[in-house]
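Have a look at the structure below, then the notes.
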Amino acid sequence: MIIYKRLAIATQLAALLVWAGLAALAQRGGAIRIGYCGPLKDIDAVKAAGFDYMEVRTSEVAALSDADYEKLVLRLTELALPVPAAYFFLPAEIKVTGPNVDKDRQREYLRRALDRTSRLGVRLIVFGSSGARQVPEGFGKKEAFEQLVDFGKRAGIEARSRNITIAIEPQRREESNIINNVSEALAWVEAVNDPNIQLMIDYYHFSVEKEDPAIILKVREHLRHLHMANPDKRVMPLNWDEYNYAPFFAALRGIGYDRLIGVEASSNDLKAEGPRSMALLRRAMGD
């Protein structure tokens, strides 16, 4: 009986969290919502900095004990801090390429992670997870890509049942040896062919790989999310003249991008730098 009561309370808190998060996002004028990507220990700092939302780490949420998960739900509800997006999708040990793929383990993790994040109000999860998708030496890239497509098809079904979209992230070659640019990510999305498997762009990786902002027009129908950082040392974007941001944001304005932007960058003083970064990004988007 006690267990059932605790589950009921947790469910009610989660529902309240989703409602409060949606209400908080709706209160701010303008189209662009800017959040901060960080570990759970940063929750209070993210709130204090005034971000519109927080992007939590999926694998961290999935690893919590039941008791700590309930505490997380309660804390987010108390702060009225929306959590519409998440990143760090898969831990490195949940392999999706190579000879050691375990589909049963994948399925178990997917259901736990998606159940928990969906109750927090997450509606989009970034799929970077370089450790999980890293292709082992000597393993064929063609076969690895086929494994990614197979995983995407199965993940899409699980995500759709929880009203979540999974957004594929191209990552720089130093972090991942597969899916390094937007065109390759688009090929993955198109091969999966599931409405809940879409695309995101992380400006840090985009810049390191020297991608052409013109690609944004090509993928506009699949682009669901952005991550931002100053590519120079991957720190908070604070000043327009610190980097050549203009072509990227011109392309985004050109397609009328009006979705979330998660700042995934290091900061020594989030409370001071957060408002400056948000102001810069809103000006860049013409908001």
Side-chain angles (χ1 to χ4, degrees), residues 37 55 57-59 85-90 92 94-98 101 106 110 114 122-136 139-160 164-229 231 234 247-249 251-252 254-255 257 259-264:
C37 308
E55 199 160 320
R57 296 176 174 180
T58 307
S59 54
Y87 70 131
F88 273 58
F89 183 30
L90 303 175
I94 305 294
K95 300 297 182 185
V96 290
T97 66
V101 165
Q106 289 175 354
L110 274 175
L114 294 175
V122 170
R123 294 296 173 260
L124 181 138
I125 296 178
V126 172
F127 188 176
S129 307
S130 58
R133 78 189 199 197
Q134 189 79 357
V135 182
F139 195 83
K141 288 289 182 71
K142 182 176 183 295
E143 185 176 354
F145 182 78
E146 291 171 352
Q147 289 178 319
L148 290 178
V149 172
D150 174 67
F151 177 79
K153 288 179 180 293
R154 289 181 287 113
I157 294 170
E158 297 288 351
R160 184 162 49 259
I164 289 176
T165 295
I166 296 172
I168 305 300
E169 177 184 33
Q171 295 183 319
R172 63 186 182 126
R173 298 168 201 276
E174 290 85 352
E175 293 185 37
S176 175
N177 62 4
I178 193 168
I179 313 298
N180 303 119
N181 59 53
V182 175
S183 293
E184 291 172 350
L186 178 63
W188 183 0
V189 169
E190 291 179 334
V192 173
N193 191 28
D194 186 296
N196 289 76
I197 303 295
Q198 296 295 334
L199 178 68
M200 68 86 63
I201 293 176
D202 183 313
Y203 184 65
Y204 172 72
H205 297 290
F206 189 88
S207 178
V208 170
E209 289 295 317
K210 297 179 170 53
E211 295 229 49
D212 185 345
I215 191 71
I216 290 172
L217 179 61
K218 179 180 178 181
V219 302
R220 63 185 301 173
E221 299 302 323
H222 293 284
L223 185 61
R224 295 293 184 271
H225 193 51
L226 296 174
H227 277 174
M228 278 302 304
R234 206 171 190 175
F248 183 71
F249 283 102
L252 291 174
I255 66 168
Y257 183 84
R259 298 175 183 269
L260 304 176
I261 299 177
V263 177
E264 186 184 5

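Counting from 1, the numbers follow the sequence of the chain as shown. Quick note: numbers below take in every heavy atom, side chains included, and nothing from hydrogens, waters or symmetry partners.
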Query raised in the report: Going through the distances and angles, do V126 and F88 end up as a side chain to side chain contact (heavy atoms under 4.5 Å, CB included)?
Result: CA-CA 7 Å; V126 172; F88 273 58; over 6 Å; no

Report task. For A185 and L199, work out which heavy atoms get closest and say how close. Result -> CB-CD1, 3.3 Å

Query raised in the report: Which heavy-atom pair separates I125 from V122 by the least distance, and what is that distance?
Result: CG1-CG1, 3.7 Å

Report task. Determine yes or no for a side-chain-to-main-chain donor-acceptor pair under 3.5 angstrom, with Q147 supplying the side chain and G98 the backbone. Result -> yes

Requested in this report: Take I216 and I255, measure what side chain to side chain contact (heavy atoms under 4.5 Å, CB included) needs, and give me the verdict at the end.
Outcome: CA-CA 8 Å; I216 290 172; I255 66 168; 3.6 Å; yes

**Report entry** Under the salt bridge (charged side-chain N to carboxylate O under 4.0 Å, His left out) test, residues paired with E175 that sit two or more places apart
**Finding:** R172, R234

Report task. Check salt bridge (charged side-chain N to carboxylate O under 4.0 Å, His left out) between E158 and all other residues, then give those that pass, not counting sequence neighbours. Result -> R111, R162

Requested in this report: Evaluate the side chain to side chain contact (heavy atoms under 4.5 Å, CB included) criterion for residues M200 and H227: first the C-alpha distance (whole Å), next the side-chain angles of each, then the deciding distance (0.1 Å), finally the verdict.
Outcome: CA-CA 8 Å; M200 68 86 63; H227 277 174; 3.6 Å; yes

Could you list the donor-acceptor pairs under 3.5 angstrom formed by side chains in residues 187-195, with sequence neighbours left out?
| unit_1 | atom_1 | unit_2 | atom_2 | d |
| --- | --- | --- | --- | --- |
| W188 | NE1 | L148 | O | 3.1 |
| D194 | OD1 | R160 | NH1 | 2.6 |
| D194 | OD1 | N196 | N | 2.7 |
| D194 | OD2 | R160 | NH1 | 2.9 |
| D194 | OD2 | R160 | NH2 | 3.3 |

Query - Gap separating the CD atom of Q171 from the CG atom of D202, nearest 0.5 angstrom - result: 8.0 Å

**Report entry** Trace of the side chain to side chain contact (heavy atoms under 4.5 Å, CB included) decision for E211 with V182
**Finding:** CA-CA 8 Å; E211 295 229 49; V182 175; 3.4 Å; yes

**Report entry** Heavy atoms from other residues, nucleotides or ligands near NZ of K153 exceed 12 (cutoff 6.0 Å)
**Finding:** yes

Requested in this report: Would you please name every residue forming a salt bridge (charged side-chain N to carboxylate O under 4.0 Å, His left out) with R220, sequence neighbours left out?
Outcome: none

Report task. Kindly compute the distance separating CG (L223) from CG (L252), expressed to the nearest 0.5 Å. Result -> 7.0 Å

Report summary line: Those residues at least two apart in sequence (or on a different chain) that pass ring pair (Phe, Tyr, Trp, His ring centres under 6.0 Å) with F248 are Y203, F206

Requested in this report: Please tell me if the side chains of S183 and I215 come closer than 4.5 Å, counting only heavy atoms from C-beta onward.
Outcome: yes

Report task. Output all residues satisfying side chain to side chain donor-acceptor pair (under 3.5 Å) with E174, sequence neighbours left out; order by chain, then residue number. Result -> none

Query raised in the report: Among all residues two or more places apart in sequence or in another chain, which pass the ring pair (Phe, Tyr, Trp, His ring centres under 6.0 Å) test with H205?
Result: none

Query raised in the report: For the atom pair OH (Y257) and CZ (R224), what is the distance rounded to the nearest 0.5 Å?
Result: 9.5 Å

Report task. Check whether any side-chain heavy atom of I166 lies under 4.5 Å from a side-chain heavy atom of Q198, and answer yes or no. Result -> no

Query raised in the report: Hey, what do you get for OG (S130) to CD1 (I179), rounding to the nearest 0.5 Å?
Result: 13.0 Å

Query raised in the report: With sequence neighbours excluded, what pairs up with S176 under the side chain to side chain donor-acceptor pair (under 3.5 Å) test?
Result: R133

Query raised in the report: Which atoms form the tightest heavy-atom contact between G128 and E169, and what is the distance?
Result: CA-OE1, 3.2 Å

Query raised in the report: Once you round to the nearest 0.5 Å, how far does CZ of F249 lie from CG of L226?
Result: 8.0 Å

Query raised in the report: Considering residues at least two apart in sequence or located in another chain, which fulfil the side chain to side chain donor-acceptor pair (under 3.5 Å) criterion with R57?
Result: Y87

Report task. Would you name the heavy atoms of V135 and A144 that are closest together and state the gap between them? Result -> CG2-CB, 3.6 Å

Requested in this report: Could you pull out all residues at least two apart from K210 that satisfy salt bridge (charged side-chain N to carboxylate O under 4.0 Å, His left out)?
Outcome: none

Query - With Q106 via side chain to side chain contact (heavy atoms under 4.5 Å, CB included) - residues at least two apart - result: I94, V96, V101, K103, F151, R154

Query raised in the report: Quick one: side chain to side chain donor-acceptor pair (under 3.5 Å) partners of S207, sequence neighbours excluded?
Result: Y243

Query - Pairwise distance CD1(I168) to NE2(H225) - rounded to 0.5 angstrom - result: 13.0 Å

Requested in this report: Measure the shortest side-chain to side-chain distance between Q134 and T97 over non-hydrogen atoms and say whether it is less than 4.5 angstrom.
Outcome: no

